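Structure first, then comments.
The sequence lines fix the lettering, A, B, ..., with proteins before strands; numbering per chain opens at 1. Quick caveat, the model's predicted, so the values are computed rather than measured.
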Amino acid sequence: MRGDREAWPTTVDQAEAAERALRPLVDLSGRSPARVRTVAGLDVAYATGSERVAGAVVVLDATTLRPVDEAAVVGTAAFPYVPGLFAFRELPPLLDALERLTTTPDLLLCDGHGIAHPRRFGLACHLGARTGLPSVGVAKNRLVGDHEAPGPRRGDHADLLDADGTTLGRVLRTQDGIRPVHVSVGHAIGLAPAAEWVLRCSPRFRLPETTRLADQLSRRALRAATSGTGVSGW
DNA sequence: GCGACAG
DNA sequence: ATCTTGTCGC
């Protein structure tokens, strides 16, 4: 049902070692993709009393935001939730789902941070480095860094800074008067373009359509796997 | 020692 | 993340 995968880290030390090994593959030059025709959203859903997880990816036309491809997989959590090592928990199902896509997206919008991370290597960096695709981190909450409150209107934003004043990302208001999201670079894209894409993909709600649809699909897949065939009724 | 801590 | 439907409010 699924291709073999590399030995997955079991301990914090192993995960940090794997992180260091992947670091050289990330492109933080600021260069951005020339053409973005499709944007993908990825998310993982979890069950309550089990280790069951579901990963989903939904690809949207960058102009119409209409779905053009999608894939979902169900599996078992391979790593606990550890702030700073979140990628090792979500990567397995997400990489599996990406492999099942019939198309290759031009940009990845990830549900978590990119370089706005303790070691500047969040989930979006892992996904970008491993797939070679430009990636952006879109998180609902802060992990590291400080920032002023962005303006109240859609599009208003403030820099997310580390203790040295280095820019880690951007706190972006995607809807008037609604709590902002945290955008940070993952791989092969600049911060400004990254934020522009997040805004473009969020025409009506706080979160990008990519994230919303992937969230819905992952929950559906998890529920279907938990309740039998997935077909309604009996 | 006391908080903070993506999902 | 998840437990959870309808409901009050802009």
Side-chain angles (χ1 to χ4, degrees), chain A residues 8-9 12 15-16 19 22 26 41-58 72-97 108-129 135-147 152-154 160-163 168-172 174-187 191 194-195 198 204-208 210-227:
Chain A
W8 202 249
V12 168
E16 295 183 331
E19 181 183 293
L22 197 62
V26 173
L42 312 86
D43 193 27
V44 178
Y46 300 85
T48 300
S50 77
E51 288 298 275
R52 176 90 59 179
V53 302
V57 51
V58 176
V73 300
V74 175
T76 301
F79 202 84
Y81 170 63
V82 179
L85 292 178
F86 180 50
F88 292 91
R89 183 171 176 71
E90 302 224 326
L91 230 36
L94 293 180
L95 291 175
D96 275 355
L108 266 32
L109 255 41
C110 313
D111 191 33
H113 294 286
I115 63 172
H117 172 278
R119 296 174 299 280
R120 311 294 177 262
F121 212 86
L123 174 64
C125 298
H126 279 81
L127 283 167
S135 67
V136 175
V138 185
K140 295 180 280 300
N141 297 292
R142 183 197 71 88
L143 211 207
V144 296
D146 298 287
H147 65 85
R153 311 289 291 181
R154 166 183 159 80
L160 175 65
L161 310 169
D162 72 2
L168 299 178
R170 180 175 292 188
V171 180
L172 174 67
T174 55
Q175 297 298 325
D176 292 357
I178 296 301
R179 186 155 63 102
V181 297
H182 291 63
V183 179
S184 60
V185 168
H187 172 74
L191 179 57
V198 171
R204 183 174 177 188
F205 299 101
R206 181 197 179 210
L207 299 179
T210 40
T211 300
R212 301 183 66 249
L213 293 173
D215 174 79
Q216 291 168 17
L217 177 56
S218 65
R219 295 194 197 192
R220 255 182 289 150
L222 186 65
R223 174 175 180 174
T226 299
S227 62

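- Rounded to an integer number of Å, the gap from CG of A:Leu217 to C1' of C:dA1 is 17 Å.
- Residue A:Ala116 is classed as having no contact, given no heavy-atom separation below 4.0 Å to the nucleic acid.
- For the pair A:Arg142 and B:dC5, the criterion of a side-chain N or O lying under 4.0 Å from OP1 or OP2 is met.
- Rounded to whole angstrom, the span from the CG atom of A:Asp111 across to the P atom of C:dA1 amounts to 7 Å.
- Note that the CZ atom of A:Arg153 and the CD1 atom of A:Ile178 stand 11.5 Å from one another [nearest 0.5 Å].
- Between the CG atom of A:Leu42 and the P atom of C:dA1 there is a distance of 15 Å, rounded to whole Å.
- Remark: A:Asp111 engages A:Lys140 in a salt bridge, criterion side-chain N to carboxylate O under 4.0 Å.
- Within 4.0 Å of A:His117, counting heavy atoms only, lies at least one base atom of the nucleic acid.
- Note: NE2 (A:His113) to P (B:dC5) measures 10 Å, nearest angstrom.
- The aromatic ring of A:Tyr81 is stacked on the base of B:dG7, with the two ring centres less than 5.5 Å apart and the planes inclined by under 30°.
- No option in A:Val58, A:Val136, A:Asp43 other than A:Val136 meets the side-chain contact (heavy atoms from CB on, under 4.5 Å) test with A:Leu109.
- Counting non-hydrogen atoms under 4.0 angstrom, A:Gly84 reaches a base of the nucleic acid.
- Remark: P of B:dG7 and CG of A:Leu94 are 14 Å apart, rounded to the nearest angstrom.
- For A:Arg219, a side-chain nitrogen or oxygen approaches OP1 or OP2 of C:dT2 to under 4.0 Å.
- Within the structure, a side-chain polar atom (N or O) of A:Lys140 is placed less than 4.0 Å from OP1 or OP2 of B:dG7.
- Here the CG-NE2 distance, from A:Leu123 to A:His113, works out to 10.5 Å after rounding to the nearest 0.5 Å.
- Atom CH2 of residue A:Trp8 and atom CZ of residue A:Arg89 lie 13.0 Å apart, to the nearest 0.5 angstrom.
- At the heavy-atom level, A:Leu85 lies under 4.0 Å from base atoms of the strands shown.
- Regarding A:His182, its NE2 atom lies at a distance of 14 Å from the C1' atom of B:dG7, rounded to whole Å.
- Remark: A:Asn141 is in phosphate contact with B:dG7, judged by side-chain N or O atoms under 4.0 Å from OP1 or OP2.
- Atom C1' of nucleotide B:dA6 and atom CG of A:Leu168 are separated by 13 Å, given to the nearest angstrom.
- Atom CG of A:Leu143 is separated from atom C1' of B:dA6 by 5 Å (rounded to the nearest Å).
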